[in-house]
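Report on the structure given below.
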2 protein chains.
Amino acid sequence: MHNSFGFDLRALEVFIQIVDGGNMTAAAERLGMTQSSISQSLANLEKNLDTQLLDRSVRPIEITRAGRFFYDKACQLLQEARTTSQAMQKGRFDKLRHVRIALVDSLATAVGKPLADAVKRHTEQWSMTTGLSHMHGEALLSRTVDIIISDDALMDYPELSRFRILREPFMLVLPKSFTGEVKQLEPLIKQLDFVRYPAHSLIGQRIERNLRYRRTGW
Amino acid sequence: MHNSFGFDLRALEVFIQIVDGGNMTAAAERLGMTQSSISQSLANLEKNLDTQLLDRSVRPIEITRAGRFFYDKACQLLQEARTTSQAMQKGRFDKLRHVRIALVDSLATAVGKPLADAVKRHTEQWSMTTGLSHMHGEALLSRTVDIIISDDALMDYPELSRFRILREPFMLVLPKSFTGEVKQLEPLIKQLDFVRYPAHSLIGQRIERNLRYRRTGW
DNA sequence: CTCTCTTACGGATTTCGTAAACATT
DNA sequence: AATGTTTACGAAATCCGTAAGAGAG
C-alpha cells in the first residue's frame, strides 16, 4: 500500500458501489470498469485493512459488521472529498459564501457586533450561535462552524489558526457593605460565601488555579 | 487521474507536510521520500485540481488562498481517514464504545428510557441529547451523533438506516366548555383561536398539510 | 555561492482489462 | 443452466528515485 491508511479514495468508491448495487457486476457497470477489476480492488482493500468487509459465500452478497462500519465512514469521507473537489473546481476563495461564528453568550454583545461587521465586509452570508465554549471546540473541529471565540485555544490541533483578541483581568466582587481591607483571599473565603464558575469549565479551572496561586504561592 | 476528485489521500499527506514543514525538502525527509517525488506529487495535485496551491516564486514558499482553503479540508479528510483506519485496525465492531443518541424533548420520556436500556445492553458508554429535530439531522449527517429519533426521515441520504418505531394520530384539543359537534375544521378555526406548531418546523408543515387536506379534500 | 525546486529519464509498482476457471442458486 | 466471483496473466499507467538543470536570495 502506498499510503498509511490501508485504503485510498478510489477503493472507497468501489466498495460503496458494490454495497449500494448489491453485486460487483452492477458496481462495475456504474463505474465504467470490468467486474474483474472491482473484485481485485475489493480483495486488495480487504487485504490492506486485514478485515473481511463482505461475505461472498452467499448470493446476494452480504455485508459484515465491519463492512457496515466501514461503509458508513467511507460514505462520509467520500462526501467530504466530493464537496471539497467541487469547491476547488468553482475556485472562489476571495469571498467566502457563508461564515459561521460561535461564541460564549457573555461575549456576544462586547465582541459580537464589531466581529459581525468585519465578517460582513468579506462574506455574503454569515450566522452566529452562542453556547458553552466546550461545544464550540467540537463544532470547530467537526467544521460545523468556521470561527469560534473561546477561552480554549485547542492547542492540540496545529491546523487551526489563532488570534488573541481580548485579555481580561480576574475581578473580585464584594458586597458594598464590606469594609475590611483585602490583602489575602484565604481569610476572605472563610468569612464570606464565594460564587464562582463550575470546576469542570475551562474558565472555572483557571480561576481555581489562580486562587491557589494567590493563596499558596503556586 | 484515476479517481473523480482530482486528489487521493497520499497527495493530501504530501501537501500537508509541505505546508507544515515550510519546504519540500523537510516534507521529503518526514515522509521518507526524495524531494523530487514531493515536487512531482504537488505538481500533479495542482494540475489535477487545476489550481495553484503554493507560490514557489518566493523563498520560503508561500501558500495561496486556494491552498489555505484546501489545506483545511485536507487536514479534516486525513484526520477522519486516520481515525477510520485505526478503528478498523482495532477491529471491535461487536460492541460499540460510545453511542450518542439525539431526540426531541417530547419523546425523551416516552421512548428515551426503553431505548437507553436497549442501547445499554450493547455498548459501554452512551449519551443522550435533546433539542430541535432539524439540528439532529445535521448532527447525524456530520456524525456528531449516532442515532436520532426524528420526524424527518432524511430521505435524501441513502446511506442512513431507518426504523419506524412510533406512529401517532393528530389530536384536536378543545376547551371543556366547548359543546358543539365537530364535523369540519373550517368553521371551528374561525370560531376559536388555534394553537399550532410553527410553519417552518417539519411537524408544523405536516399539520398544515393535514388541515388543508381535511378542509379542501387535498 | 548556497539552498531549494523543477525536469528528464528509467525502473518498480500498481491498476485494470481479457479470458478462463470456479462458485452459488 | 444462469448469473456472478475469482484468478492468471499481460499491457498501460502511475509512482518514485537518480541526476542534472534552473531559480531565489
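These values consider heavy atoms only, across backbone and side chains, with no hydrogens, waters or symmetry-generated copies. All values reported here derive from a predicted model rather than from experimental measurement. Chain letters run A, B, ... following the sequence lines, proteins first, then strands; residues in each count from 1.
Between the side chains of A/T25 and A/E29, no donor-acceptor pair is found at a separation under 3.5 Å. The closest side-chain donor-acceptor pair between B/Q40 and B/S36 falls under 3.5 angstrom. If you check the side chains of A/T34 and A/S37, you find a donor sitting under 3.5 Å from an acceptor. Between the side chains of B/E13 and A/S4, at least one donor N or O sits under 3.5 Å from an acceptor N or O.
Checked against A/I101 for a side-chain contact (heavy atoms from CB on, under 4.5 Å), the options A/L115, A/I148, A/V145, A/D146 give a single hit: A/L115.
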Could you list the protein-to-nucleotides 23-25 of chain C atom pairs, N/O on both sides, closer than 3.5 Å?
{"unit_1": "C/dT25", "atom_1": "OP1", "unit_2": "A/R59", "atom_2": "N", "d": "3.0"}

For nucleotides 15-18 of chain D, which of its nitrogen or oxygen atoms have a protein nitrogen or oxygen under 3.5 Å away, and what is each distance?
{"unit_1": "D/dC16", "atom_1": "N4", "unit_2": "B/Q40", "atom_2": "OE1", "d": "3.2"}
{"unit_1": "D/dG17", "atom_1": "OP2", "unit_2": "B/T34", "atom_2": "N", "d": "3.0"}
{"unit_1": "D/dG17", "atom_1": "OP2", "unit_2": "B/T34", "atom_2": "OG1", "d": "2.9"}
{"unit_1": "D/dG17", "atom_1": "OP2", "unit_2": "B/S37", "atom_2": "OG", "d": "2.6"}
{"unit_1": "D/dG17", "atom_1": "O6", "unit_2": "B/Q40", "atom_2": "NE2", "d": "2.9"}
{"unit_1": "D/dT18", "atom_1": "O4", "unit_2": "B/S36", "atom_2": "OG", "d": "2.8"}

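For D/dT6, one of the phosphate oxygens OP1 or OP2 lies less than 4.0 angstrom from a side-chain nitrogen or oxygen of A/S39.
Taking the charged nitrogens against the carboxylate oxygens, A/D20 and A/R30 have no contact shorter than 4.0 Å, which rules out a salt bridge. B/E46 and B/R56 are joined by a salt bridge, as a carboxylate oxygen and a charged side-chain nitrogen come within less than 4.0 angstrom of each other.
Between B/M155 and B/R162 there is a side-chain heavy-atom pair separated by less than 4.5 Å. The side-chain heavy atoms of A/M33 and A/I38, taken from C-beta on, include a pair separated by under 4.5 Å.
Two end axes, each from the C1' atoms of five base pairs, can be drawn for the helix from C/dC1-D/dG25 to C/dT25-D/dA1; they diverge by 40°, to 10 degrees.
Atom CG of B/D55 and atom C1' of D/dG23 are 13 Å apart (whole Å). Atom CG in A/N23 sits about 14 Å away from atom C1' in D/dA2, given to the nearest Å. If you measure from atom CG of A/L9 to atom C1' of C/dT15, you get 16 Å, rounded to the nearest angstrom. Put simply, CG on A/L45 is 14 Å from C1' on C/dT15, counting in whole angstrom units. A/L31 places its CG atom 15 Å from the P atom of C/dT15, with the value rounded to the nearest Å. Atom CD in A/E46 sits roughly 12 Å away from atom C1' in D/dT6 (whole-Å rounding).
Summarising the geometry of B/L140 relative to B/I147, their closest heavy-atom pair is CD1-N, 4.2 Å, with the distance given to 0.1 Å.
Note: A/F7 and A/F70 have perpendicular aromatic rings, judged against thresholds of 30 and 60 degrees for the angle between ring planes.
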